[in-house]
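Accompanying notes for the structure given below.
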Amino acid sequence: MFIPFHSLLSQLSKLKLTISRTKELHAFVIRTHLSRDPFYATRVLRFYAINDDIISARNLFDKTPQRSIYLWNSLIRAYASAHKFTDAFFLFKDMLYSEIKPDNFTFACVVRASSENFDVHSLRVLHGAIFLSGLHWDFICSSQLVSAYSRLGCIADASKVFSGITDPDLVLWNSMISGYGCLGELEKGLELFSRMQKMGLRPDEYTMVGLIKAIYDPSVLEIGESIHAFCLKLGVESNSHITSLLVSMYSRCKCMGLAFRVFECRVEPDLVTWSAIISGTSLCGNSVKALDFFREMNMKGRKADPPLIATVLTACSQLATVQPGSEIHGYAFRHGYHMEVMVSSALVDMYSKCGFLELGYQVYKTMTFKNIVSINSIISSLGLYGLASQAFQIFEKALVEGHKPDEATFSALLCACCHAGLVNDGRKYFRRMKDQFGIPANTEHYIYMVKLLGMEGQLREAYELIVQSLQEPVDSGIWGALLSCCDAHRNYELADIVASHLFGNKLENSRYKIMLANMYASDGRWDLVNKLRVDLESKELKHPGKSWITSTKPFP
DNA sequence: TTAGGGTTAG
């Protein structure tokens with residue numbers, strides 16, 4: 001039968017085919033010398049890229065003497081989307097030495113690649129090159145710069161790029177709002193949201209995604225509900241991204257009633273939305289119900305993919321029994337997903353949290369492909385069991401094998417140090433993280449360090465570490481950890497200093513106030529205890545009578 | 001006058 005290839009050619013660059021059909025078309029392209037035409041060369045190259053045949057794409061590129069900017073950009077993009085970042089950057093460098101100069105789309109592509117490769121250094125170099133090319137006014141370049149800086153947590157840089165644009169378009173506003181959203185900077189996101197509307201721009205689903213992400217906990221539930229209402233007004237609530245994000249948002253706000261309602265409005269939820277309801281339910285402490293959702297999904301004939309299996313395994317790891325988790329292991333095996341790195345890492349985590357470290361270690365050992373996620377999960381597991389030295393060995397071996405540690409690796413290592421009480425090793429890893437790997441310490445790292453130093457009674461050192469290394473306002477969790485140490489060591493002098501930081505930056509909450517009140521009570525400072533009690537009771541907190549005071553000293 | 005390329009979810 002005649003294969004109507006000519007009819008396929010018009011949509012060649014968007015065509016995803018079966019392997020045999022791809023081979024046929026490949027043969028056709030060679031037979032007809034189609035790729036010698038500069039226009040078709042690009043289309044064919046993109047066709048190869050979309051069909052995961054990057055080698056043919058490269059061959060075609062090499063054999064095309066007259067390369068247009070389209071051809072260059074298409075191959076750079078093909079490498080970047082295949083996460084072959086080194087190849088993408090090498091090709092970009094070749095381009096700089098060729099007669100074709102990069103345009104705004106080339107820069108947008110490599111900027112995105114540098115952020116996906118977590119490479120801040122390259123990003124800054126590219127930003128400089130964009131500036132020198134005079135492309136910093138371009139919307140396509142600048143929106144990508146805003147997104148890339150935000151993805152890497154450099155929100156100040158993102159904001160600087162954004163403010164440099166006089167009349168930003170919708171995509172630029174959305175990129176900036178999304179950047180703030182990822183960091184939970186709700187106020188700033190809302191401010192931009194209001195400003196863009198004053199400028200006459202109508203928000204769209206991307207805008208709403210950015211805002212929903214900024215709703216981090218129950219204290220801002222009401223704002224979340226207003227954002228939800230705005231989605232209804234815009235008519236974007238049935239968008240699958242919006243649905244799944246609303247489910248996650250209500251779960252973070254511990255408001256499962258609303259999460260279920262959003263979920264039920266969806267006739268055919270996609271896998272991401274199923275995943276959101278499963279992880280949300282589990283996050284709110286009901287892993288049994290989370291597994292019921294998984295069963296329901298299967299009854300409806302939906303087949304889970306590796307990320308969804310990993311989510312279900314995380315729910316299983318919250319249970320006291322290993323049986324559901326091992327059943328999911330069987331499910332993954334039957335569907336051929338047990339060797340997927342995402343699934344195996346979740347299995348390691350699940351088995352160790354359910355009390356079967358040995359089974360988790362077996363899974364880890366049999367993994368054919370390991371990445372930093374799986375390495376982090378075995379380090380965490382070993383740490384959890386107090387086997388710090390084995391965790392350290394895995395870490396060193398991973399370095400030798402060329403793995404690049406990330407912030408979660410150091411969280412796992414510091415956690416292992418905490419469980420084993422290894423203060424000096426903790427200090428050492430904390431230092432190496434910054435000096436050797438250039439990873440800035442995050443809130444979690446500081447909390448582990450505070451706990452570790454607290455164990456040895458080195459409270460001053462912990463305090464100095466916080467004030468020297470972080471800019472105000474320090475995340476309240478770090479001060480909270482130090483406050484607990486002050487309580488344990490009865491260091492009321494330092495507790496006062498910590499309290500002044502907390503109150504000075506409006507970071508105090510009822511938990512810290514109760515902790516402080518107990519310390520003041522133990523210290524006999526009843527005037528301060530009463531002041532805090534009045535404050536707590538005025539906020540109608542449910543702490544009847546004096547029961548929140550646990551001090552052993554008598555209340556006068 | 002043929003081409004594509006910038007912001008979203010687990």
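Chain letters run A, B, ... following the sequence lines, proteins first, then strands; residues in each count from 1. If you're wondering where the values come from, they're calculated on a predicted model, not measured in any experiment.
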Completion exercise
Per atom distances to the A:Tyr70 side chain, the nearest of B:dG10, B:dG4, B:dG6 is B:dG4

Handout entry: side chain to side chain donor-acceptor pair (under 3.5 Å) contacts in which one or both residues fall within residues 253-268 of chain A, not counting sequence neighbours
Key = A:Thr243-A:Arg266

Exercise for the section: May I ask you to say what A:Ser248 touches in the nucleic acid, namely base, sugar-phosphate or nothing, with a heavy-atom cut-off under 4.0 Å? Expected result: nothing

Exercise for the section: Mind checking A:Asn239 for me? I need base, sugar-phosphate or nothing, with any heavy atom below 4.0 Å counting as a touch. Expected result: nothing

Completion exercise
Rounded to whole Å, CZ of A:Arg202 lies from P of B:dT7 at a distance of 22 Å

Exercise for the section: Have a look at A:Glu205 and say if it touches a base, only the backbone sugar-phosphate, or nothing, with a 4.0 Å heavy-atom cut-off. Expected result: base

Problem - B:dG6 base / A:Asn104 side chain donor-acceptor hit below 3.5 Å - result: no

Handout entry: A:Trp274 and A:Phe294 aromatic centres sub-6.0 Å
Key = no

Exercise for the section: State whether A:Asp292 and A:Arg295 are salt-bridged, where the test is any N-O pair (Lys NZ or Arg NE/NH1/NH2 against Asp/Glu carboxylate O) under 4.0 Å. Expected result: yes

Problem - Between P of B:dT2 and CG of A:Asp37, the distance in whole Å - result: 13 Å

Practice task
Ignoring the backbone of A:Arg43, work out which of B:dG6, B:dA3, B:dA9 is nearest its side chain.
Solution key: B:dA3

Practice task
Identify whether any heavy atom of A:Asp169 sits under 4.0 Å from a base atom; if not, whether one sits that close to sugar-phosphate; answer base, sugar-phosphate or nothing.
Solution key: base

Handout entry: Whole angstrom value for the distance that separates C1' of B:dG4 from OH of A:Tyr79
Key = 19 Å

Exercise for the section: Side chain of A:Ser240 only, please: which of B:dT8, B:dG10, B:dA9 is the nearest? Expected result: B:dA9

Handout entry: Integer-rounded Å distance: B:dG4 P and A:Ile50 CD1
Key = 12 Å

Practice task
Could you list all the ring-ring contact (aromatic ring centres under 6.0 Å, His included) pairs where at least one residue sits in residues 179-225 of chain A, not counting sequence neighbours?
Solution key: A:Phe193-A:Phe230

Practice task
Tell me, please, which residues at least two apart from A:His338 pass ring pair (Phe, Tyr, Trp, His ring centres under 6.0 Å).
Solution key: A:Phe333

Practice task
Could you tell me whether A:Ser147 contacts a base, only the sugar-phosphate backbone, or nothing, with contacts defined as non-hydrogen atoms closer than 4.0 Å?
Solution key: sugar-phosphate

Problem - Interatomic distance where CD belongs to A:Glu340 and P belongs to B:dG10 [whole Å] - result: 18 Å

Exercise for the section: Consider the side chain of A:Ser143, meaning its heavy atoms from C-beta on, and name the nucleotide among B:dG6, B:dT7, B:dG4 that approaches it most closely. Expected result: B:dG6

Handout entry: Between P of B:dT8 and CG of A:Asp204, the distance in whole Å
Key = 12 Å

Exercise for the section: Check step by step if side-chain hydrogen bond (donor to acceptor under 3.5 Å, both in side chains) holds for A:Ser122 and A:Ser114. Expected result: CA-CA 6 Å; A:Ser122 298; A:Ser114 65; over 6 Å; no

Problem - Aromatic centroids of A:Phe293 and A:Phe260 separated by under 6.0 Å - result: yes

Problem - Polar side-chain contact A:Asp138-B:dG6 base: donor and acceptor under 3.5 Å - result: no

Exercise for the section: Please list, by residue number, the residues of residues 255-271 of chain A whose heavy atoms come closer than 4.0 Å to an atom of DNA chain B; answer none if no residue qualifies. Expected result: A:Asp270, A:Leu271

Exercise for the section: Could you tell me whether the phosphate oxygens of B:dG6, OP1 or OP2, come under 4.0 Å of any side-chain nitrogen or oxygen in A:Arg77? Expected result: yes

Handout entry: Touch class at under 4.0 angstrom, heavy-atom based, for A:Ser68 against every strand present
Key = base

Practice task
Could you work out which one of B:dT8, B:dG10, B:dT7 sits closest to the side chain of A:His241?
Solution key: B:dT8

Exercise for the section: In whole angstrom, give the distance that lies between atom CD1 of A:Ile140 and atom P of B:dT7. Expected result: 10 Å

Exercise for the section: Name the closest nucleotide to the A:Asn73 side chain, picking from B:dG4, B:dG6, B:dT8. Expected result: B:dG4

Completion exercise
Residues at least two apart in sequence or cross-chain that pass ring pair (Phe, Tyr, Trp, His ring centres under 6.0 Å) with A:Tyr364, listed by chain then number, are none

Handout entry: Proximal nucleotide (of B:dG6, B:dA3, B:dT7) relative to the A:Phe139 side chain
Key = B:dG6

Exercise for the section: Measure the distance from CG on A:Asn174 to P on B:dA9 and round it to the nearest whole Å. Expected result: 13 Å

Practice task
Assign A:Ser175 to base, sugar-phosphate, or nothing according to its heavy-atom contacts below 4.0 angstrom with the strands shown.
Solution key: sugar-phosphate

Handout entry: Partners meeting ring pair (Phe, Tyr, Trp, His ring centres under 6.0 Å) with A:Phe107 (sequence neighbours left out)
Key = A:Phe92

